[in-house]
Protein chains: 2
Amino acid sequence: MTDRTIAKPSAPTLEAVAAHAGVSRATVSRVVNNSPKVTDEVVAIVNAAIDELGYVPNRVARSLASRKTQAIAVIVPETASKVFDDPFFSSIVQGVALHLAGTEYTLSLLMETENSSAKTRRYLRGGNVDGALIVSHHVSDHSYTQLGATVPMVFAGRPLIPEAVASYYVDVDNVEGARMATNHLIELGHTRIATIAGRTDMPGGHDRLAGWRAAMAAAGLDDSLVAHGDFSPADGAAAMRALLERGEPIDAVFSANDQMAVGAYSAVRSAGLRIPDDISIVGFDNDRYAATASPPLTTVDQSPEQMGEAMAGILLRLIDGDETVPNATMMPLELVVRESTAPRR
Amino acid sequence: MTDRTIAKPSAPTLEAVAAHAGVSRATVSRVVNNSPKVTDEVVAIVNAAIDELGYVPNRVARSLASRKTQAIAVIVPETASKVFDDPFFSSIVQGVALHLAGTEYTLSLLMETENSSAKTRRYLRGGNVDGALIVSHHVSDHSYTQLGATVPMVFAGRPLIPEAVASYYVDVDNVEGARMATNHLIELGHTRIATIAGRTDMPGGHDRLAGWRAAMAAAGLDDSLVAHGDFSPADGAAAMRALLERGEPIDAVFSANDQMAVGAYSAVRSAGLRIPDDISIVGFDNDRYAATASPPLTTVDQSPEQMGEAMAGILLRLIDGDETVPNATMMPLELVVRESTAPRR
DNA sequence: GTGAAAGCGCTAACAC
DNA sequence: GTGTTAGCGCTTTCAC
């Protein structure tokens with residue numbers, strides 16, 4: 001086999017392969033696309049020609065003709081540093097990458113820059129990709145929804161705006177997760193359970209507070225111990241301090257996310273109290289703050305990586321024209337019990 | 001004017017704009033591409049038609065005709081989790097994204113998966129992108145070098161294999177950085193300076209050891225205190241332990257990276273010694289381990305973000321056919337003095 | 001300055 | 001099964 005793969009200046013075209021193999025371009029195209037209706041013999045000849053010439057199909061030409069790009073975009077309307085530092089985002093992208101690895105699709109990562117929203121829209125409408133995944137904490141970014149009619153897309157998280165009802169999204173049942181976390185505390189015998197809630201204008205913040213309320217109500221407990229924060233450790237510390245300063249007894253806390261829970265740790269300690277001996281704490285997210293906290297934080301695991309995988313899977317089905325895809329897909333949530341919670345003394 | 005912009009299933013084409021504006025397709029194309037040779041009047045008419053129709057050029061068709069994709073790939077032959085967890089990788093990608101934000105280029109992120117090396121090669125040769133950035137710690141991945149003839153590419157880090165001499169890369173002067181770090185220790189009055197070297201089959205490991213040797217030799221100091229590790233904290237601890245067990249006096253240590261330096265911290269303490277009182281330690285990389293270590297680690301900052309920006313800039317010049325781009329571009333290195341180093345007592 | 005026409009490299013009917 | 005013939009939507013000479 002003359003395997004002379006000399007680096008030619010211009011890549012060989014399908015036409016060159018056809019000539020070399022003595023068949024038509026259509027046949028070469030069929031072979032390249034694994035069409036079943038080609039003689040094994042011809043397939044062999046064509047493949048030999050392909051190898052000999054080192055032919056690689058031009059994806060752009062292919063895309064133009066087939067109207068498929070075999071690429072999807074992951075749009076994260078956040079700065080690059082945020083995207084890489086926030087484990088939620090990075091895990092989702094990881095999940096997407098994982099799912100795509102088993103396919104022929106490639107991934108384009110679009111992050112927000114100054115006013116790149118317009119740039120992103122043009123990108124989406126310019127036929128660069130077959131579909132898009134929108135990942136954001138900000139509800140407002142469901143504004144991309146309108147483009148859903150042009151190109152299939154799947155969102156991470158439930159849309160808050162009503163116009164987006166018809167959009168596709170993958171989410172976790174935050175209400176249920178918060179309920180699980182709170183019930184865990186209740187089962188341990190705690191009765192004075194506070195919550196450090198997040199911003200309620202975000203679906204997650206809103207629903208987690210609702211879940212806590214639901215669990216408290218179901219157990220007939222007082223649900224007045226509420227403080228709010230914006231999901232950062234500093235906010236968690238401040239919220240915990242505020243809770244403690246009320247002077248009312250508190251034997252457990254449910255925090256809307258791990259970062260605030262870890263912030264609460266320091267406030268609890270500054271008050272001379274121990275975790276979990278005096279106060280049990282449960283977080284939400286199971287991010288890296290949770291596992292490395294001391295003591296390790298009991299939390300609700302939402303596996304953003306699985307979420308990313310699910311999003312990619314759904315998008316691909318949408319691209320394939322699957323009409324049976326449900327608008328909402330809920331991911332399972334799991335309580336991870338660690339050492340920050342203990343039975344009431 | 002019959003301005004019925006009803007949401008058509010298929011996007012308006014350049015042809016539709018031409019018809020709407022009463023000009024030829026060529027003229028519309030010229031307007032879209034800001035050609036100077038079009039009357040202001042005509043430009044206005046065409047732009048009006050574009051707005052009215054909500055026309056967005058199809059990038060794929062454009063790419064096929066112009067033979068430019070306006071996209072570059074960032075290839076990181078590592079698993080997605082590694083890419084996102086290792087600050088070196090994520091910072092480079094951030095830098096690239098930053099640079100690209102000011103251009104019309106988009107970024108495709110390709111991470112390694114099982115046997116995706118072949119997939120990546122096809123991607124590169126398939127005309128998906130105008131150029132590629134290869135970011136890896138593994139020298140072997142300079143194997144992509146051969147493709148450099150097909151599509152422009154820029155590597156992060158100097159190639160170790162000789163065949164790659166003609167490739168483009170951005171790197172830091174590791175020898176100089178190690179020398180700076182070591183000289184800092186020497187200037188503080190230390191004389192028994194050990195080094196925890198990395199793997200010498202990696203350019204960084206090799207050169208940092210060489211820099212330490214050079215500085216020690218220049219100062220006429222003994223350069224026998226050498227231990228090796230594979231860049232992890234555990235390796236750093238083991239290496240430090242080995243150094244200490246020699247029983248020879250040591251008053252300072254230069255570690256080939258921050259992670260090993262932090263590992264050395266624990267070994268030093270287990271031996272009942274204090275940092276920097278008994279032993280001064282300098283790291284390399286200025287990653288997040290360095291800043292959060294206690295005491296904060298004096299280290300050499302290599303700013304991978306700037307490196308990413310530089311790589312993107314160089315690649316774009318290469319794509320533009322700039323013949324004056326040098327093969328090697330060295331990024332400045334800076335010593336960040338923190339509290340892990342102190343004058344000899 | 002503007003238009004006509006010829007592709008870019010491939011896929012997709014439609015014949016044979 | 002295989003070849004023929006049109007395009008996909010745009011850029012780009014080349015005339016005018």
Side-chain angles (χ1 to χ4, degrees), chain A residues 8-47 49-50 53-71 104 122 125-130 150, chain B residues 8-47 49-50 53-71 104 122 125-130 150:
Chain A
K8 290 265 181 162
S10 63
T13 68
L14 181 150
E15 172 135 37
V17 175
H20 196 92
V23 299
S24 74
R25 298 186 307 169
T27 297
V28 176
S29 177
R30 289 190 186 100
V31 172
V32 168
N33 293 292
N34 298 312
S35 164
K37 33 175 52 182
V38 184
T39 318
D40 286 2
E41 191 188 356
V42 176
V43 170
I45 295 177
V46 173
N47 277 327
I50 288 177
L53 267 36
Y55 169 71
V56 174
N58 179 308
R59 168 81 65 191
V60 173
R62 202 178 208 175
S63 295
L64 182 58
S66 67
R67 324 185 107 272
K68 292 175 177 313
T69 64
Q70 293 284 88
E104 274 302 304
R122 281 210 312 283
R125 296 199 46 194
N128 289 280
V129 292
D130 295 337
T150 314
Chain B
K8 290 263 183 161
S10 61
T13 67
L14 181 151
E15 172 135 38
V17 175
H20 195 93
V23 299
S24 73
R25 298 186 306 169
T27 297
V28 176
S29 177
R30 289 189 185 100
V31 172
V32 169
N33 293 291
N34 298 311
S35 165
K37 34 176 49 178
V38 183
T39 318
D40 286 1
E41 190 189 355
V42 176
V43 170
I45 295 176
V46 172
N47 277 327
I50 288 177
L53 266 35
Y55 169 72
V56 174
N58 179 309
R59 167 79 63 195
V60 174
R62 200 176 207 175
S63 295
L64 183 58
S66 67
R67 323 182 111 282
K68 295 177 177 312
T69 64
Q70 293 286 83
E104 273 302 304
R122 283 209 310 282
R125 298 200 44 196
N128 289 281
V129 292
D130 294 337
T150 314

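All values below come from the heavy atoms of this structure, side chains included, with hydrogens, waters and symmetry mates left out. Per chain, numbering begins at 1; letters A, B, ... match sequence-line order. It should be emphasised that the depicted structure is a prediction, and the values quoted were computed from it without experimental measurement.
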So A:Val42, base contact, sugar-phosphate only, or nothing? Heavy-atom distance under 4.0 Å.
sugar-phosphate

Write down the distance between CG (A:Leu64) and C1' (D:dG9), rounded to a whole number of angstrom.
6 Å

A:Arg62 vs C:dT11: side-chain N/O to OP1/OP2 distance below 4.0 Å:
yes

I need the single residue from B:Val42, B:Val38, B:Val46, B:Val43 that forms a side chain to side chain contact (heavy atoms under 4.5 Å, CB included) with B:Arg30. Which is it?
B:Val38

Comparing nearest nucleotides in DNA chain C, the 5'-proximal residue of the pair A:Lys68, B:Gly22 is B:Gly22

Hey, is the side chain of A:Arg67 poking within less than 4.0 Å of OP1 or OP2 on D:dC8, counting only N and O atoms?
no

Distance check: side-chain N/O of A:Ser66 vs OP1/OP2 of C:dT11, anything under 4.0 Å?
no

Is it true that B:Asn33 and B:Arg62 share a donor-acceptor pair across their side chains at a distance under 3.5 Å?
yes

Would you please confirm or rule out a distance under 4.0 Å between OP1 or OP2 of C:dT11 and any side-chain N or O of A:Asn33?
yes

Would you mind reading off the distance between A:Arg30 atom CZ and D:dG3 atom P, rounded to a whole angstrom?
8 Å

Is there a side-chain polar atom (N or O) of B:Thr39 under 4.0 Å from OP1 or OP2 of C:dT2?
yes

Whole Å only: how far is the CG atom of A:Asn128 from the C1' atom of D:dC10?
14 Å

Contact check, side chains of A:Thr27 and A:Ser24, non-hydrogen atoms, under 4.5 Å:
yes

In whole Å, what is the span from the CG atom of A:Leu14 to the P atom of D:dG7?
19 Å

Return the nearest nucleotide to the side chain of B:Ala65; candidates are C:dA13, C:dC10, C:dG7.
C:dG7

For the side chain of B:Ala26, starting at C-beta, report the closest nucleotide among C:dC10, D:dT12, D:dT2.
D:dT12

Starting at NZ of A:Lys37 and ending at C1' of C:dC14, how long is that distance when rounded to a whole Å?
11 Å

Select base, sugar-phosphate, or nothing to describe what A:Val23 touches, counting heavy atoms under 4.0 Å on all strands.
sugar-phosphate

Can you find a side chain N or O atom of B:Thr27 that sits less than 4.0 Å from OP1 or OP2 on C:dG3?
yes

Rounded distance in Å - CD (A:Glu15) to P (C:dG7):
12 Å

Could you walk me through whether B:Val23 and B:Val28 pass side-chain contact (heavy atoms from CB on, under 4.5 Å), step by step?
CA-CA 7 Å; B:Val23 299; B:Val28 176; 3.8 Å; yes

When you measure from the side-chain N and O atoms of A:Ser29 to the phosphate of C:dA12, is any distance below 4.0 Å, counting only OP1 and OP2?
no

Whole angstrom is fine here: how far is it from CZ in B:Arg25 over to P in D:dG7?
12 Å

Is a side-chain donor or acceptor of A:Ser63 paired with a backbone partner of A:Arg59 at a separation under 3.5 angstrom?
yes

Between P on D:dG9 and CZ on B:Arg59, what's the gap in Å once rounded to a whole number?
16 Å

